[in-house]
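See below for the structure under consideration.
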Amino acid sequence: FEGREVTNFSPRRLLARVKAVLRRAGMENTAPLAAGRIRLDVDEHTVQVGTNSPLRLTKLELHGFKSFADHTNMVFDRGATAIVGPNGCGKSNVSDAIRWVLGEQRARMMGGAKMEEVIFQGSSARRPVSVAEVSLHFENDDGSLPVPFKEVVITRRLSRSGESDYCLNRAPCRLKD
């Protein structure tokens with residue numbers, strides 16, 4: 001990840017978002033996060049905080065997001081993971097989901113005119129769903145993040161009514177924080 005390839009967030013902006021979510025969750029001591037750059041290493045599914053604190057992306061959960069009408073879990077084992085398929089099958093929706101759960105506010109970056117378009121619209125064989133939800137699961141076994149959890153889950157949910165929720169380990173929080 002060199003700046004914008006996967007999430008369209010610079011390392012500095014991603015660091016600010018992680019720090020804000022931690023502050024909202026009551027984890028005021030974000031000094032370990034400020035110690036170094038964040039790097040998202042897609043090949044190893046790792047977010048590097050500083051030099052000795054790797055966070056490993058373990059799972060991506062999608063439900064009702066773009067082409068993922070059903071509940072879908074993508075488990076990332078150690079090593080490289082590739083997403084392959086023919087044109088138009090939704091490969092880019094995976095990177096859009098990561099960008100979206102990390103707080104993307106511009107509907108155009110998601111390929112639509114308004115944010116509600118990320119919710120599965122339906123097809124000839126399926127009815128539309130009413131909520132889109134995406135969760136990123138990170139391993140925190142070694143305490144790399146200053147939180148008392150072995151796994152950190154960042155979730156974003158959007159309903160057709162326009163109501164949007166952000167959660168850290170299933171506890172509500174605000175994007176602004």
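Any value given below was found using the heavy atoms of this structure, including those in side chains, with hydrogens, waters and symmetry copies removed.
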* Hydrophobic cluster identity match, F120 and M74, side-chain contacts under 4.5 Å -> yes

* Could you state the interatomic distance from SG (C167) to CZ (R174), rounded to the nearest 0.5 Å? -> 13.5 Å

* Are F76 and F138 linked, directly or through other ILVMFWY residues, by side chains that come within less than 4.5 angstrom of each other? -> yes

* Asked: Does the side chain of M110 reach to within under 4.5 Å of the side chain of E117, using non-hydrogen atoms?
  -> no

* Does D141 come within less than 4.0 Å of R56, counting only side-chain N to carboxylate O? -> no

* Heavy-atom distance under 4.5 Å between the side chains of Y166 and V101, does that happen here? -> no

* Can you check side-chain contact (heavy atoms from CB on, under 4.5 Å) on K59 and S135, steps first, answer last? -> CA-CA 8 Å; K59 183 165 55 168; S135 296; over 6 Å; no

* Structure fact -> Nearest heavy-atom approach of N93 to S67 is ND2-OG, 2.8 Å

* To the nearest 0.5 Å, how far apart are CG in N169 and CD1 in I154? -> 9.0 Å

* Asked: Looking at side-chain heavy atoms only, is the closest gap between N140 and K150 below 4.5 Å?
  -> no

* Structure fact -> What one should report as the nearest heavy-atom pair of P128 and R160 is CB-NH2, 3.6 Å

* Structure fact -> On a heavy-atom basis, the closest approach of L158 and S164 is CD1-CB, 4.0 Å

* Could you tell me whether the side chain of W100 reaches within less than 4.5 Å of the side chain of M115, counting heavy atoms only? => yes

* Decide, yes or no, whether a salt bridge links D165 with R156 under the criterion of side-chain N to carboxylate O below 4.0 Å. => no

* **Among E133, E61, E163, the one residue meeting salt bridge (Lys or Arg N to Asp or Glu O under 4.0 Å) with R157** => E133

* Structure fact -> Between C173 and L168, the two heavy atoms sitting closest are SG-N, 3.8 Å

* **T72 vs H63 side-chain heavy atoms within contact, under 4.5 Å** => no

* Asked: At their closest point, which heavy atom of G64 faces which heavy atom of V129, and how far apart are they?
  -> CA-CG2, 3.6 Å

* Asked: Does L102 reach the side chain of L136, with side-chain heavy atoms less than 4.5 Å apart?
  -> yes

* Asked: Judged by modelled atom types alone, do R170 and T155 share a side-chain donor-acceptor pair under 3.5 Å?
  -> yes

* Can you tell me how far CG of L60 sits from NE2 of H137, rounded to the nearest 0.5 angstrom? -> 8.0 Å

* Any idea which heavy atoms bring I119 and A132 closest together, and the distance? -> CG1-CB, 3.8 Å

